[in-house]
Amino acid sequence: MSSRALPKVAVLLGGPSAEREVSLVSGRECAAALRGEGFEVVEIDAGQDLVERLSEVQPDVVFNALHGRWGEDGCVQGLLEWLRLPYTHSGVMASSMAMDKERTKEIYRAAGLPVAESVLADRDAVERDHVMAPPYVVKPYNEGSSVGIYIVHEAANGPPILSEEMPQTVMVEGYVTGRELTCTVMGDRVLPVTDIITDGWYDYEAKYAAGGSRHVCPAELPDEITKACQDYALRAHQALGCKGISRTDFRWDEAKGLDGIVLLETNTQPGMTPTSLSPEQAQAVGLSFGQLCAWLVEDASCVR
């Protein structure tokens with residue numbers, strides 16, 4: 001960052017991904033919080049003219065509030081490094097690997113982290129017959145926010161019919177029963193675990209609609225489960241090479257104790273909305289939303 005008293009921050013929001021609407025909310029919330037912390041802030045809806053807009057604004061730091069493809073998969077990160085602009089969150093490699101769910105699992109396995117059985121399959125094969133015994137989940141291998149999730153229960157009469165928006169290659173993953181847990185890593189600091197309570201699947205609506213889910217933070221868990229989740233979250237963050245903040249999601253089958261913890265995915269661009277999890281976890285350790293956003297700006301660099 002430059003030495004000027006009020007660093008100019010460009011907040012990237014919106015963009016062309018399936019998670020555009022969530023990103024608009026995240027970006028506006030982050031921009032308002034940064035203004036409250038004394039930063040000069042310009043909001044930029046990331047479109048085809050992004051390079052021109054950044055050239056016009058000439059920010060000291062870019063705050064990446066994009067979600068989904070292009071903003072979360074290493075694309076915009078590579079652009080920002082080419083422009084030599086310091087930016088927040090993870091870099092090109094970590095972002096691209098974490099967005100690819102199968103690559104993420106390979107890294108998890110190499111780091112000794114527990115994962116569910118899964119395969120990549122052609123969508124036509126998935127619609128034609130069960131590619132694994134139900135219950136299982138079908139999802140895009142490179143999207144987030146529970147976009148395009150299909151749960152095939154044991155009682156299902158046949159394989160799912162997927163929407164046109166689903167990619168040609170999808171991930172089929174064994175359904176893991178249990179509680180939804182999640183944990184954020186902030187630099188090298190692990191934040192408290194959250195227990196996510198919903199009436200059903202923690203889908204897009206449950207994540208982003210007011211009242212869609214209830215978050216218990218810190219989660220009311222046995223100490224060994226809390227410590228294991230925090231340890232796994234930190235190890236996942238480090239194995240993927242994440243920077244800034246990341247949030248790792250888990251399922252925990254209480255009946256199996258420590259053996260019941262399974263990692264689902266690591267989010268390199270966690271949601272930053274009023275109902276988001278990482279800001280709540282930061283709040284639980286005394287960090288306001290504004291302080292969390294300010295820390296991300298201070299942590300920014302050109303090479304991540």
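Not measured: the values here are computed from a predicted model. For this chain, numbers begin at 1 and follow the sequence in order. Only this structure's heavy atoms are used, side chains among them; waters, hydrogens and symmetry mates stay out.
- Between the side chains of Ser23 and His67, no donor-acceptor pair is found at a separation under 3.5 Å.
- Pairing each heavy atom of Pro159 with each of Val126, the nearest pair is CB-O, 3.1 Å.
- Checking side-chain atoms of Gln77 against main-chain N and O of Gly71 turns up a donor-acceptor pair under 3.5 Å.
- Gln291 places a side-chain N or O within 3.5 Å of a backbone atom of Ser288 that can act as its donor or acceptor partner.
- Contact detail for Met132 and Gly174: the closest heavy-atom pair is SD-N, 3.5 Å.
- With hydrogens and angles disregarded, a donor-acceptor distance shorter than 3.5 Å links the side chain of Trp252 to the backbone of Gly257.
- With hydrogens and angles left out, the side-chain atoms of Asp73 and Ser95 include no donor and acceptor closer than 3.5 Å.
- With hydrophobic clusters built from ILVMFWY side chains whose heavy atoms lie under 4.5 angstrom apart, Met272 does not share a cluster with Leu66.
- More than 12 heavy atoms of other residues, nucleotides or ligands sit less than 6.0 Å from atom CD of Gln168.
- Using a cutoff of 4.0 Å between basic side-chain nitrogens and carboxylate oxygens, Asp122 and Arg128 are not scored as salt-bridged.
- Under the rule for a side-chain hydrogen bond (donor to acceptor under 3.5 Å, both in side chains), the partners of Glu43 that lie at least two apart in sequence or sit in another chain are Arg35.
- Between the side chains of Thr184 and Ser278, at least one donor-acceptor pair of N or O atoms lies under 3.5 Å.
- Glu81 and Tyr87 are linked by a side-chain donor-acceptor pair at a separation below 3.5 angstrom, with hydrogens and angles left out of the test.
- Listed by first and then second residue, the side chain to side chain donor-acceptor pair (under 3.5 Å) pairs that reach into residues 107-121 are Lys105-Ser118, Tyr108-Thr266, sequence neighbours excluded.
- With sequence neighbours excluded, no residue satisfies side-chain hydrogen bond (donor to acceptor under 3.5 Å, both in side chains) with Glu106.
- A 6.0 Å sphere centred on CD of Glu220 holds no more than 12 heavy atoms belonging to other residues, nucleotides or ligands.
- At least one donor-acceptor pair closer than 3.5 Å links the side chain of Asp100 to the backbone N or O of Arg103.
- Residues His130 and Tyr136 have side chains that bring a donor and an acceptor to within less than 3.5 angstrom of each other.
- A distance-only check finds a donor-acceptor pair linking the side chain of Tyr150 to the backbone of Ser163 [under 3.5 Å].
- A side-chain donor-acceptor contact under 3.5 Å links Gln230 to the backbone of Leu191.
- Of the candidates Arg251, Arg179, Arg214, Asp195 forms a salt bridge (Lys or Arg N to Asp or Glu O under 4.0 Å) with just one, namely Arg179.
- When only modelled atom types and interatomic distance are considered, Thr182 and Arg247 share a side-chain donor-acceptor pair under 3.5 Å.
- Residues Gln281 and Thr194 have side chains that bring a donor and an acceptor to within less than 3.5 angstrom of each other.
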